[in-house]
Amino acid sequence: MTIKGVLFDFDGTLTHPGALDFPAIKLELGCPVDQPILEYLDTQPSGRRANLMKILEKNEDIAAQASQPNKGAEKCLIDLKNRGFALGILTRNSLRSINKALRKFNGVTTEDFSAIITRDVSQPKPHPDGVLQAARRMGLTSSELLVVGDFRFDVMAGKAAGAWTALLTDGGRSVMAPGDPEPDFTISHLRTIFDILEQDN
Ligand SMILES: [Mg+2]
């Protein structure tokens, strides 16, 4: 493997987990607990869908305001950049939320990322479209990318695009489901990315 870029999920990966309270948001939207929010919204008539999207955006705004960088996230990003790796973000969230939350990061700005792919411009994960778009913008092939995320959709999207995948866990219950692709790596701290990259030489 030759990894030249790292594509991060945002919420719960670069930010501290829990800012977005998905069960509470789903309750407010009337979204079944076992259904992902964006896919649920797609099944709704357009008028209701627009109203629900506003509720989702309001919740995302509040969460972005409350969010904090994850443990070691700023140092990880700065060190990767200094070592010449291209950086990207791939999220099911909106660009507006990402911009707001990134302002909390010390020493890191949107300029440090070669690609920030949000639901505004791509088909949401687990679809591989966002990974492929990010690779293009980063000037890499997807097989030169390490996709890092804390949810099964991150692994699924990365695998479907032919990228390397690392699942970030907090040591709790597995987020993967039966039949899901196995992540190439499972890590419990962002700094472990450097162990993966060192193996790669
Ligand atoms: Mg996440």
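Just so you know, ligand 1 is whichever comes first in the structure, and atom 1 is the first atom listed for that ligand. Any value given below was found using the heavy atoms of this structure, including those in side chains, with hydrogens, waters and symmetry copies removed. Computed from a predicted model, the values in this text were never measured in an experiment.
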Strictly below 4.0 Å, N to O, side chains only: are Asp9 and Arg92 in salt-bridge contact?
no
Could you check whether any side-chain heavy atom of Leu168 comes within less than 4.5 Å of a side-chain heavy atom of Asn70, counting everything from C-beta outward?
yes
If you draw a 6.0 Å radius around NZ in Lys71, do more than 12 non-hydrogen atoms from other residues or ligands fall strictly inside?
no
Could you tell me which N, O or S atom of Asp9 is nearest to the Mg ion (ligand 1)?
OD2
The Mg ion (ligand 1) to Asp150: nearest N/O/S atom name:
OD1
Within the stated cut-off of 2.8 Å, is an N/O/S atom of Asp154 closer than that to the Mg ion (ligand 1)?
no
State plainly whether the residues Glu111 and Lys81 are in salt-bridge range, i.e. N to O under 4.0 Å.
no
What N/O/S atom of Asp11 gets nearest to the Mg ion (ligand 1)?
O
